[in-house]
Amino acid sequence: MKLFAKILQVGLATEDLRRAASEPAAAGGPEGLDERGLARQVDRRARRVLGRAVAIRQVDAGSCNGCEIEIGGLTGPVYDLEQFGFHFVASPRHADLLLVTGPVTRNMVVPLRKTWEAVPAPRLVVAVGDCAHDCGVFAGSYAVAGRVQDIIPVDAVVPGCPPAPADILRGILAVLGRGGEARP
């Protein structure tokens, strides 16, 4: 029911972002940034830290696909992250960052660990959604092995069920801000 309530609360995006970007920034963003300003800031920080655009590998470790829909929204016409240098890649060997969703199911423990090992250093990981952080509604299930941070090291957690695309961007920004420094 939370998902339906959120859909009713957010509504549909029908206004041109170019026009919206020229208006005052939306409240609630870091440093008063709107979504496009946030994406530009993430792009600048990625180029400073990595020297190039960000390659992202998304891993569904056992989620309900609510977070995947929001991640897919990042590549749609509203956010259009491709223009800011973000690319989703099929191989973890080409990735700079892992976006992991859902609680880790028993059959995904080994594939998730192998995916993490295949990512080149500094191996940045963002756990997306409440289920990735604390198993959410799947906690206690016989099929769940545990939280993402129980299986691989996590650099940032994006809370929400599901989190908004802007919140996912803020999580990526937080990880790139540390630039591969030691995990807390």
Side-chain angles (χ1 to χ4, degrees), residues 30 38-39 41-76 79-82 84-136 138-139 143-184:
L38 183 63
Q41 184 177 359
V42 172
D43 180 46
R44 280 194 301 273
R45 191 168 292 170
R47 291 183 190 279
R48 187 176 67 240
V49 170
L50 300 170
R52 57 185 156 67
V54 179
I56 300 171
R57 174 71 173 123
Q58 191 272 324
V59 178
D60 179 351
S63 76
C64 70
N65 291 333
C67 294
E68 283 75 13
I69 292 170
E70 298 299 321
I71 291 170
L74 290 173
T75 62
Y79 291 90
D80 193 17
L81 287 189
E82 290 282 327
F84 298 110
F86 290 87
H87 304 286
F88 284 89
V89 295
S91 172
R93 298 184 194 286
H94 301 149
D96 301 310
L97 179 120
L98 287 179
L99 286 180
V100 184
T101 61
V104 182
T105 57
R106 292 188 305 164
N107 63 343
M108 283 298 293
V109 171
V110 173
L112 179 60
R113 200 170 283 133
K114 285 184 177 185
T115 300
W116 180 78
E117 290 169 357
V119 174
R123 290 186 179 146
L124 303 173
V125 179
V126 178
V128 178
D130 290 342
C131 293
H133 176 60
D134 62 6
C135 297
F138 303 107
V144 172
R147 308 172 308 162
V148 174
Q149 55 261 43
D150 295 337
I151 309 301
I152 60 173
V154 171
D155 295 294
V157 175
V158 180
C161 184
D167 294 334
I168 298 169
L169 273 177
R170 287 183 191 97
I172 293 170
L173 185 64
V175 166
L176 291 175
R178 287 201 293 273
E181 296 171 5
R183 290 176 173 87

Rounded at 0.5 Å granularity, tell me how far [atom1] in [X] sits from [atom2] in [Y].
X      : Y      : atom1 : atom2 : value
Thr105 : Asp60  : OG1   : CG    : 8.5 Å
Asp150 : Arg147 : CG    : CZ    : 4.5 Å
Cys67  : Leu99  : SG    : CG    : 10.0 Å
Phe86  : Ile56  : CZ    : CD1   : 6.0 Å
Cys161 : Glu70  : SG    : CD    : 10.5 Å
Ile168 : Leu173 : CD1   : CG    : 13.5 Å

Heavy-atom pair of closest approach, residues [X] and [Y]:
X      : Y      : result
Val128 : Ala132 : O-CB, 3.5 Å
Ala156 : Gly171 : CB-O, 4.0 Å
Ala61  : Gly102 : CB-O, 4.2 Å

Student check: side-chain heavy atoms of [X] and [Y] closer than 4.5 Å:
X      : Y      : result
Val125 : Leu97  : no
Ser63  : Glu68  : yes
Val126 : Val100 : no
Thr75  : Asp80  : no
Leu112 : Ile152 : yes
Phe138 : Cys64  : yes
Val59  : Met108 : yes

task = Check whether the side chains of Thr101 and Gln58 place a donor and an acceptor atom closer than 3.5 Å, and report yes or no.
result =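 The criterion, which ignores hydrogens and geometry beyond distance, is satisfied for Gln58 and Thr101.
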*Output yes when a side-chain donor or acceptor of Arg123 lies under 3.5 Å from a complementary backbone atom of Val119, and no otherwise.*
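Yes: the side chain of Arg123 pairs with the backbone of Val119.
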If only atom types and distance count, is the side chain of Asp96 paired as donor or acceptor with the main-chain N or O of Ala55 below 3.5 Å?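 Pair found, side chain donor or acceptor close to backbone of Ala55.
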Checklist entry - Do Leu81 and Leu169 pass the side chain to side chain contact (heavy atoms under 4.5 Å, CB included) test, and can you show the C-alpha distance, the side-chain angles, and the key distance before you say yes or no? => result CA-CA 10 Å; Leu81 287 189; Leu169 273 177; 4.0 Å; yes
Please indicate whether His87 has more than 12 foreign heavy atoms, meaning atoms of other residues, nucleotides or ligands, lying under 6.0 Å from its NE2.
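Check passes, neighbour count above 12.
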| Option passing side-chain contact (heavy atoms from CB on, under 4.5 Å) with Cys135 (candidates Asp130, Val104, Val144, Val148) |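 Considering Asp130, Val104, Val144, Val148, a side-chain contact (heavy atoms from CB on, under 4.5 Å) with Cys135 is found only for Val144.
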Contacts of type salt bridge (Lys or Arg N to Asp or Glu O under 4.0 Å), residue Arg57, not counting sequence neighbours: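 Arg57: no salt bridge (Lys or Arg N to Asp or Glu O under 4.0 Å) contacts found.
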